[in-house]
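Inspection log for the structure reproduced underneath, given as C-alpha cells.
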Amino acid sequence: IRPGDAFTGDDPGAWVEKLAHAVLERLYPALPLDSSTFPRPLTLKDLERLFKGLFQGDQEARDTVLAFAPGLGLARKDKPLTFNPTDSPAIRIIRQVVEARGGLVPANDVIDHLVYDHGLTEPLATLYLLAFVRHAHAEIALKPSHRIQSTSGDPFPGDRLTWDLVSEVSYQPDMAEGFGVVCPAPSPSWNAVLPYARLLAPELKGSEDADEVASQERLLLEALCSQAIHIENIRQSIEALATRLKQDAHQVLRPMEDL
C-alpha cells in the first residue's frame, strides 16, 4: 500500500484501519466466505443473532440471517433463512482437517486453522465449527471446566455438545474455551444422555464414576417405569371417555402407542 493511500485525512484511527485492511488482504487474499453481499461489517452481536436465527429459529434474528447467512455459506441464496452449509468453503475446510487427523481433533486446532491459515476471527470460526457439528451430526467433547450455558441460563449439564443439542445452548463468543475434541461420530456416555434423561427425572446427576453411573441409570429406569404406568392410566381414561361419548379412541391412542 502506498503511504498516500493510507495516510489520508486527519483521523489516525482511519489510517490504522486502512493499513490493517491492506495487510490482511495480502495475507488472506481469498477468505472462505463472500463478504461482497454484506450490508455492513459483521459484528459479535450479528454472530449471536445468526446463531439464534439459524439454530434456534429466533424470528427476531431474521434480518441478520438474511443479510449474512448466504454470504457466509450457511444458507443457500435461494433459501436464505434455512440452515444449509452444504456449499460452505469453511465447512469443507473443517471436514478436511477432521478427516486428516483420523476423525479426532482438538477443537482449538480447528479454530486456529481457520483463524491463522484462513483469516477468520475466532468467534466466527467458532460459529463455523458449531455449524459443522450441526450439519455433519458430529459432536464436541466439553472440558470439565467449561462455562457453557443452556438456553435457560443454567450450566449445560452434558459432557459433550452433540449436533442435536447445539440449539439448546446459549451463544457465547468465548465458548470455544470449553471445547475439547471434535468427533464426527458420536460416542454416547451417561453424561451425554443426561440432558435428555433429565426431562424424565430432573434429579439425575452427571458422573464418570461407574458405580455412580449405574445408580443413576437405575433411577432413570424407575422414572421410565413410572411413566409407563402413568401412560397406561391415561390410555384407560381415554378409552373410558371415548366409550361414554360413543367415539373412536383409536386416533388419539395411536400416537401414544407409537411412543
Side-chain angles (χ1 to χ4, degrees), residues 24 26-35 42 44 47-48 50-51 54-55 68-69 71-76 83-149 155-196 206 208 210 213:
L24 290 174
R26 284 180 175 272
L27 286 173
Y28 310 108
L31 294 173
L33 53 87
D34 178 13
S35 61
L42 188 66
L44 287 176
L47 293 179
E48 181 180 2
L50 281 165
F51 180 89
L54 291 171
F55 303 141
F68 294 106
L72 290 171
L74 297 177
R76 296 175 62 91
F83 175 65
N84 184 354
T86 303
D87 300 325
S88 167
I91 298 299
R92 192 178 307 119
I93 290 168
I94 294 174
R95 182 178 294 106
Q96 291 170 350
V97 171
V98 172
E99 291 177 352
R101 299 281 288 272
L104 290 173
V105 55
N108 285 341
D109 287 1
V110 177
I111 291 173
D112 286 349
H113 183 70
L114 290 172
V115 171
Y116 298 113
D117 292 357
H118 295 280
L120 302 185
T121 64
E122 185 171 325
L124 178 54
T126 300
L127 181 66
Y128 273 125
L129 181 55
L130 292 169
F132 169 78
V133 169
R134 181 81 168 184
H135 180 63
H137 286 201
E139 69 176 24
I140 302 175
L142 300 178
K143 298 176 181 177
S145 59
H146 79 80
R147 294 180 292 176
I148 295 173
Q149 296 179 338
F156 181 71
D159 68 341
R160 64 198 64 205
L161 190 58
T162 55
W163 70 272
D164 54 334
L165 289 178
V166 169
S167 61
E168 302 302 319
V169 299
S170 296
Y171 176 79
Q172 301 157 268
D174 60 350
M175 62 194 305
E177 294 177 3
F179 291 173
V181 175
V182 180
C183 175
S187 51
S189 70
W190 169 250
N191 287 340
V193 172
L194 188 59
Y196 308 97
E208 295 183 358
V213 168

With rounding to the nearest 0.5 Å, note down the distance linking NE2 in His118 to CD1 in Ile94. 10.0 Å
Atom CG of Leu120 and atom CG of Leu124: how far apart are they, to the nearest 0.5 Å? 5.0 Å
Given Leu127 and Leu54, is the side chain to side chain contact (heavy atoms under 4.5 Å, CB included) satisfied, shown in steps? CA-CA 11 Å; Leu127 181 66; Leu54 291 171; 5.8 Å; no
Would you say the side chain of Pro89 lies within less than 4.5 Å of the side chain of Leu33, judging by non-hydrogen atoms? no
Can you tell if the side chain of Leu165 reaches within under 4.5 Å of the side chain of Arg160, non-hydrogen atoms only? no
Any residue meeting ring pair (Phe, Tyr, Trp, His ring centres under 6.0 Å) with Phe132, in chain and number order, not counting sequence neighbours: none
Report yes if the side chains of Arg134 and Leu130 come closer than 4.5 Å at any heavy-atom pair, otherwise no. no
Separation between CG of Leu129 and CG of Leu114, rounded to the nearest 0.5 Å: 8.0 Å
State, to 0.1 Å, how close Ile148 and Met175 come at their nearest heavy-atom pair, and which atoms those are. CD1-O, 4.1 Å
Please tell me if the side chains of Leu161 and Val133 come closer than 4.5 Å, counting only heavy atoms from C-beta onward. no
Backbone N/O of Leu72 and side chain of Tyr128: donor-acceptor pair under 3.5 Å: yes
Qualifying residue, where the test is side chain to side chain contact (heavy atoms under 4.5 Å, CB included) with Cys183 and the options are Thr162, Leu104, Val105: Leu104
For the pair Arg147 and Glu177, find out whether any cationic side-chain nitrogen is under 4.0 Å from an anionic carboxylate oxygen. yes
Which pair of non-hydrogen atoms, one from Thr126 and one from Ala176, has the smallest distance, and what is that distance? OG1-CB, 3.6 Å
Between His113 and Val97, what is the shortest heavy-atom contact and its length? CD2-CG2, 3.5 Å
Atom CD in Glu168, atom CZ in Phe156: separation rounded to 0.5 Å? 8.0 Å
In sequence, state the C-alpha distance, the side-chain angles, and the governing distance for Arg92 and Asp87, and then conclude on salt bridge (charged side-chain N to carboxylate O under 4.0 Å, His left out). CA-CA 8 Å; Arg92 192 178 307 119; Asp87 300 325; 5.4 Å; no
Nearest 0.5 Å, what's the CG-OG1 distance between Leu42 and Thr121? 7.0 Å
Identify the heavy atoms of Ile93 and Pro32 that sit nearest to each other, and give their distance. CD1-CB, 3.9 Å
Closest approach of Ala107 to Ile140 (non-hydrogen atoms, all atoms of both residues): CB-CG2, 4.5 Å
With a 4.5 Å heavy-atom cut-off, do Tyr171 and Pro123 have their side chains touching? yes
Smallest heavy-atom separation, Gln172 atom then Gln149 atom, equals OE1-N, 3.5 Å
Any non-hydrogen side-chain atom of Phe179 less than 4.5 Å from a side-chain atom of Val110? no
So do Leu142 and Asp159 actually touch side chain to side chain, heavy atoms under 4.5 Å? no
Close side-chain approach of Phe51 and Val166, heavy atoms under 4.5 Å: yes
